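Here is how names work: the chains are called A, B, and so on, in the same order as the sequence lines, proteins then strands, and each is numbered from 1. Just so it is clear, the model here is predicted, and its values are computed rather than measured. Computed from heavy atoms alone, side chains included, the values below leave out hydrogens, waters and symmetry copies.
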Amino acid sequence: MRSHHTRQATQGEILCTQLFVALETAVLERVDQTDTFSLQGTAPAWWSSIFGTTTPPSTVRPGERSPFLKQFLGEAEQGWARHAAGLVRSGPWTERDSHGTTLHLEATALVVDSRQLLLVARLGADFEQARATLQRAREQALRHAQATKLQTRTESRLTTQLSQSEELRDDLLGVLQGLGLATILTDSQGRITFISDEAAGLLNLSTDRTGQRWDQVLSCSKTDRDAIWTRLRNPAEQHDPLTLHLETDNPRWLDVTVSPHPRHNEKRILLFHDTTEIHDLRRLLDEKARFHDLVGSSPSMMQVYQLCESCKKKRSHDWARPNQGK
Amino acid sequence: MHKKICMLGGFAVGKTSLVRRFVTNLFSEEYHTSIGVTVEKKILSVAGENVTLMLWDLYGDDEFQRIRESYLRGSSGYILVVDGTRKETLATALGLQRTVEGLLGSIPFALIVNKSDVRDVWEIDDAALSALRQQGWTIFFGSAKTGEAVESLFSTLAHRLLNQAM
Ligand SMILES: Nc1nc2c(ncn2[C@@H]2O[C@H](COP(=O)(O)OP(=O)(O)OP(=O)(O)O)[C@@H](O)[C@H]2O)c(=O)[nH]1
Ligand SMILES: [Mg+2]
């Protein structure tokens with residue numbers, strides 16, 4: 001019976017030894033509350049590369065070889081002194097063997113049956129996996145930070161550029177308005193992208209018409225509109241201004257020049273000149289000449305003529321078109 | 001004489017690279033994050049006396065890994081590493097400095113703003129550093145890549161440790 005138990009105990013010991021070797025763990029028992037330990041069972045394969053050849057049960061002072069372990073023994077001391085169940089773990093550390101190969105290790109201090117034990121394990125696949133995950137997390141954090149920084153820098157550069165070009169645009173608009181030029185800027189579809197105050201006044205527009213097509217804003221005959229469309233399509237070909245008649249409450253004669261935008265090929269600049277006064281004067285001259293030719297300049301005819309003139313002035317707004325037949 | 005010096009700072013600031021440059025005069029562009037602790041040794045001659053510096057290269061402090069206080073015990077001094085291209089790493093270093101001071105009291109330390117070789121993407125605020133200098137902090141600008149200020153960083157601290165020991 002006893003020999004059966006002894007055999008069982010021996011088999012258990014062998015199993016334990018093999019288990020620790022398989023787990024790449026060295027089992028050390030503390031000797032007389034010192035920094036000396038005796039190696040139990042069989043040392044794992046990696047042991048000698050760091051701590052030298054130790055044949056169990058010979059003793060070893062692992063703290064002499066590893067400064068990290070030396071410090072940990074101080075911490076472990078408190079655990080051993082308490083004689084309490086429970087483990088004190090060192091956390092992972094790295095040692096380099098004489099060939100420069102690195103080994104990741106972790107030590108655990110514990111008390112079993114009043115025996116003060118120190119386990120030193122080589123960290124394996126689990127550790128490598130955790131390391132790889134952490135590596136990826138940190139690389140990602142770095143990439144993210146870099147991308148954010150790049151974005152912020154681009155954003156601030158663009159904001160500066162935008163505010164500079166806005167300032168420049170405002171200056172140019174100021175100059176344009178100051179010059180009192182009646183201009184309209186259109187895009188490739190003929191939509192208005194800019195309209196100067198002078199142009200808005202001239203065309204009798206009370207609201208902002210940017211975004212609308214120019215032909216929805218300009219009240220003129222189809223013939224005039226078609227002529228402008230032709231110019232818009234081929235702005236560089238003709239240089240003489242077009243004359244158009246504005247059919248609003250305040251009818252006007254306008255000269256229009258259409259030029260291509262100097263930088264954006266598809267955009268057009270329409271420049272308007274109010275020629276109503278010139279038209280009126282020309283018509284007056286024409287009429288005067290005609291009256292003279294027809295009826296001469298006898299005092300009575302001059303009177304009729306002046307009466308006509310004063311009537312015409314009163315109703316000047318109705319005289320938009322030269323109605324030569326009347 | 002052995003002196004323990006801890007390398008402290010956020011992740012990827014160049015703690016491992018600075019130690020490697022100082023101990024082996026090598027540098028690698030590749031980033032292998034440290035998990036746990038590696039202890040490197042280098043013997044320096046300070047005022048005619050050989051001092052073995054035990055450089056504890058700790059892992060970077062971030063939300064994944066917090067520095068264990070037990071690693072700091074027994075330190076004679078420490079080096080705070082900041083990445084000049086990431087301004088948030090200065091705040092991490094300042095937090096670590098408070099932790100160490102709380103635990104070990106006032107022991108010698110130095111701060112290095114690393115990666116001075118890439119100053120075009122520099123982010124560290126000069127005003128913050130001047131304020132620290134006025135508080136008596138020793139601050140270096142250097143690079144593990146070029147080796148700038150690496151020797152002087154460690155030897156200055158070693159001198160201070162020795163002066164304090166005397
Ligand atoms: N340009 C430049 N890169 C550096 C410098 N020092 C370190 N690096 C790079 O920064 C990255 C991180 O360097 P490490 O030395 O591993 O940083 P660490 O502080 O030890 O990082 P953790 O161990 O993760 O906390 C690596 O890719 C290094 O090549 C430097 O002075 N200049
Ligand atoms: Mg590192």
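Using a 4.0 Å cut-off between charged side-chain N and carboxylate O, A/Arg138 and B/Asp62 make a salt bridge. Taking a cutoff of 4.0 Å between a charged side-chain nitrogen and a carboxylate oxygen, A/Glu75 and A/Arg89 do not qualify as a salt bridge. Of the charged side-chain nitrogens involved, at least one lies within less than 4.0 Å of a carboxylate oxygen, so that B/Lys115 and B/Asp83 count as a salt-bridged pair.
Looking at B/His2, there are no atoms closer than 4.5 Å to chain A (heavy atoms on both sides), in backbone or side chain. Of the atoms belonging to A/Ser90, it is backbone heavy atoms, and not side-chain ones, that fall under 4.5 Å from chain B.
The aromatic rings of A/Phe127 and A/His104 lie tilted to each other, with the angle between the two planes from 30° to 60°.
Of residues 92-100 of chain A, those residues with a non-hydrogen atom less than 4.5 Å from any non-hydrogen atom of chain B are, in numerical order, A/Pro92, A/Trp93, A/Thr94, A/Arg96. Contacts from residues 165-179 of chain A to chain B, taken as heavy-atom pairs separated by less than 4.5 Å, involve no residues at all.
In terms of heavy atoms, A/Val112 sits closest to A/Leu110 at CG2-CD1, 3.8 Å.
In the model, A/Ser38 has a side-chain atom that pairs as donor or acceptor with a side-chain atom of A/Gln40 under 3.5 Å. No donor-acceptor contact under 3.5 angstrom links the side chains of B/Thr146 and B/Asp117, judged on distance only.
The side-chain tip of B/Lys42 does not point at the ring of B/Phe154 from less than 6.0 angstrom away and within 45° of straight on. Taking the centre and axis of the six-membered ring of B/Trp137, the NZ or CZ atom of B/Arg133 falls outside the cone set by 45° and 6.0 Å.
Without hydrogens or angle criteria, A/Arg30 side chain to A/Thr34 main chain gives a donor-acceptor distance under 3.5 Å.
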